[in-house]
Trainee: 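Next up is a structure, given as structure tokens.
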Protein chains: 2
Amino acid sequence: MEKQTITIYDVAREAAVSMATVSRVVNGNPNVKPATRKKVLEVIDRLDYRPNAVARGLASKKTTTVGVIIPDVTNVYFASLARGIDDVASMYKYNIILANSDGNAQKEAQVLNTLLAKQVDGIIFMGNNMTDELRAQFARAKTPIVLAGSVDAKNEVESVHVDYTAAVEEAVTDLINHGNKRIAFISGPLSDPINGEYRLKGYKNVLAKNGIEFDQDLVFETDYSYRAGEVLWPALASAKATAAFVGDDELACGVLNGAKDAGIKIPEEFEIITSNNSKLTEIVRPQLSSITQPLYDIGAVSMRFLTKMMNREDTSSDQKTIELPYGYIKRGSTK
Amino acid sequence: MEKQTITIYDVAREAAVSMATVSRVVNGNPNVKPATRKKVLEVIDRLDYRPNAVARGLASKKTTTVGVIIPDVTNVYFASLARGIDDVASMYKYNIILANSDGNAQKEAQVLNTLLAKQVDGIIFMGNNMTDELRAQFARAKTPIVLAGSVDAKNEVESVHVDYTAAVEEAVTDLINHGNKRIAFISGPLSDPINGEYRLKGYKNVLAKNGIEFDQDLVFETDYSYRAGEVLWPALASAKATAAFVGDDELACGVLNGAKDAGIKIPEEFEIITSNNSKLTEIVRPQLSSITQPLYDIGAVSMRFLTKMMNREDTSSDQKTIELPYGYIKRGSTK
DNA sequence: TTACTAAATGCAAGCGGTTCAAGAATTTTA
DNA sequence: TAAAATTCTTGAACCGCTTGCATTTAGTAA
């Protein structure tokens, strides 16, 4: 029982027209007499014809598919971006090839390669470890690329994100206004420019502006896990921190629970502000105050931007870097 | 500046062989003299040739791409499955086209259609609302399909999941052993056979076995959100429930916090068991006892099963339905 | 050496569409 | 009503690669 498919040929024969004509009606080309169009459509319907996208892709050199390189779908932060991406992608009739990279440079390079081989029309890249090699590969590929929720430190690739520096400044300022002098900066790897560069800069800026001396002992570089936060309390206590800015929600939940389990009262004795306003912030008690990032929108805007690039629409009016507004929501973990 | 690509033709010319030979070395066909192979590989390397997967797909009728229909990537449950799927997919050199359906029958049908148009080699479907129309569409498509973490009530489509009935039986038995007589059954839509059929059956079985009469008032059908659980306490209280089995972690977190906020002591005054053992269960206090499902593995096994079907490997020894073992982990929300 | 078999390689026909130059049909213009 | 201008259609050349079959080359036994 072979997979017996119906081709444009069958439709053409059955409708007594050329395949070129069938192709035109399928593609909505206006140069078709209404009567002919109707006839063809009827046959298409009757035969249940479904154009072969692969053949189409070969002939037209467009696959209506974009590649999405994501560190880990399991992470709410990235999943939210991905959802925004997929939604506007399907709005524009594109599909998404999703590939997990674990933020691993080698996998990223390898995945990028197969995506290009599959002739995707564009690529959305998440993950912050922009190595030079990767940047070179991007440059060589003539395929449009945009970074979502990530930054290219060298600013060569288009990207969509929030102003991380300003967001942290706002959060830390709030903490200072509550009388805190020793505020911990807790984040994932500082090798990620979002942490090591932009956020840290914001943190330092505010300290300086308020005449507080920067203390390296208050900077905690960990990984992005709940567990990492949970075991952090002793260190925070011995650094005499009275508040913390945290760069990731899971991490922040860990810090919160770790402190609570040690008998600390939140926010009376220790305040916490986190960064992504994911569901987690509302599930813990007290709920976490958080910087808010429009994750879904970052994804959506990235994809929209990519469609422009793919259609060679004029993007000259657009910046290479799009900054979306962040926000701040106060909950129980701050005074 | 046109996208100047290098084709198999260029390689053939440059290496002074026919394109057939180049094709053979690219595909690892053994019928090539080592010397020739070496020569060709050198040219490929020098020209940085990358085979066009679309053309390949057209000629070979294989795209090494599978479609994944998912209700919502943003949901940890599905994201975990997806991760398992992608990992074994890439292990077998497949890529994943990920499409969100919101569990909406119309979107599902539409997505399925475009996936078939894109000639995916197989499909993994998540979501439990197997309408007859969808089943018909599956049947007509000669493309292999497997359901991951979902069940086909009519058992026509291959699927991978756990024994929901037995899992609930174990959980509820535990609750009864702690002396509870009035145990609530809280789940998402009962129209989903996992809830309305398998889980509910398990619940009733155990009650019957222990001589407890089934009380419809203890069955709470809500949606899968945190909020839905949070507001449920008053209803639970007036139904005089002293414990609950909950079919979803977010929902369970809501129930937990709702009860706590009402001053109830967990687990002393109310016990809770949830179902998916996601990260959430460890983030709330007390932590939630939970049935454990090997989500990643369900995804992984589904994909592995699909590869077998795609390669027309003999699957006769396999059941149409694969049941993976579930587990149970006791935490603070039960005595 | 010669005849014969096995291993390498080349040829060319697809795969199922898109697209453009060119021809046919229809409508408009004078 | 014939010529000119439009509007529709068609024929056929790709798109880049796979693959069955024919052909050439190399290897082996007689």
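A, B, ... follow the sequence lines: proteins, then strands. Residue 1 opens every chain. Computed over heavy atoms, backbone and side chain alike; hydrogens, waters and symmetry mates excluded.
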Trainee: Sort out for me which residue in Leu81(A), Val88(A), Val146(A) forms a side-chain contact (heavy atoms from CB on, under 4.5 Å) with Ser302(A).
Mentor: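 Exactly one pass, corresponding to Val146(A).
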Trainee: Mind calculating the distance between CD1 (Ile6(A)) and P (dG17(C)) to the nearest angstrom?
Mentor: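 After rounding, the gap between these two atoms is 10 Å.
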Trainee: Phosphate oxygens OP1/OP2 of dG17(C): is one of them under 4.0 Å from a side-chain N or O of Lys61(A)?
Mentor: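 So the side-chain polar atoms of Lys61(A) never come under 4.0 Å of the phosphate oxygens OP1 or OP2 of dG17(C).
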Trainee: Let me spell it out: for each of Ala59(B) and Pro34(B), pick the nucleotide of DNA chain C with the closest heavy atom. Which residue's pick is nearer the 5' end?
Mentor: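 The residue closer to the strand's 5' end, by nearest nucleotide, is Pro34(B).
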Trainee: Asn52(B) has an atom CG; how far is it from atom C1' of dG16(D), in whole Å?
Mentor: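 Going from CG in Asn52(B) over to C1' in dG16(D) covers 6 Å.
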Trainee: Centroid-to-centroid, Tyr77(B) to Tyr224(B), below 6.0 Å?
Mentor: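 No, too far apart.
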Trainee: Is there a side-chain contact between Ser60(A) and the phosphate of dG17(C), meaning an N or O under 4.0 Å from OP1 or OP2?
Mentor: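 No, because none of the side-chain N or O atoms of Ser60(A) sits under 4.0 Å from OP1 or OP2 of dG17(C).
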Trainee: Could you report the tightest heavy-atom contact between Asn100(B) and Lys107(B), atom names first, then the distance?
Mentor: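 Taking Asn100(B) first and Lys107(B) second, the nearest heavy atoms are O-CD, 4.5 Å.
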Trainee: For Ile8(A) and dC15(C), what is the distance between atoms CD1 and P respectively, to the nearest whole Å?
Mentor: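 It is 14 Å, rounded to the nearest whole Å.
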Trainee: OP1 or OP2 of dC14(D) sitting under 4.0 Å from any side-chain N/O of Tyr9(B)?
Mentor: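 Answer is no, no contact under 4.0 Å.
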Trainee: List the steps, then state whether salt bridge (charged side-chain N to carboxylate O under 4.0 Å, His left out) holds for Asp86(A) with Arg83(A).
Mentor: CA-CA 5 Å; Asp86(A) 187 44; Arg83(A) 186 64 212 260; 5.1 Å; no
Trainee: Expressed as a whole number of angstroms, how long is the span from Leu58(B):CG to dT18(C):C1'?
Mentor: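 Distance check: Leu58(B) CG to dT18(C) C1' gives 12 Å.
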Trainee: Checking Thr321(A) against Asn155(A): is there a side-chain donor and acceptor pair closer than 3.5 Å?
Mentor: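 A donor-acceptor contact under 3.5 Å links the two side chains.
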Trainee: dA8(C), dC15(C), dC15(D): which one has an atom nearest the side-chain heavy atoms of Lys33(B)?
Mentor: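 From the listed options, dA8(C) comes nearest.
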Trainee: Measuring to OP1 and OP2 of dA8(C), would you say a side-chain N or O of Thr36(B) lies under 4.0 angstrom away?
Mentor: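 Thr36(B) to dA8(C) OP1/OP2: no side-chain N or O under 4.0 Å.
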Trainee: Ion pair present between Glu42(B) and Lys38(B), side-chain N to carboxylate O less than 4.0 angstrom?
Mentor: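 Salt bridge present between Glu42(B) and Lys38(B).
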Trainee: Under 4.0 Å, heavy atom to any atom of DNA chain C: which of residues 17-32 of chain B qualify?
Mentor: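 Listed by number, they are Val17(B), Ser18(B), Ala20(B), Thr21(B), Arg24(B), Asn31(B), Val32(B).
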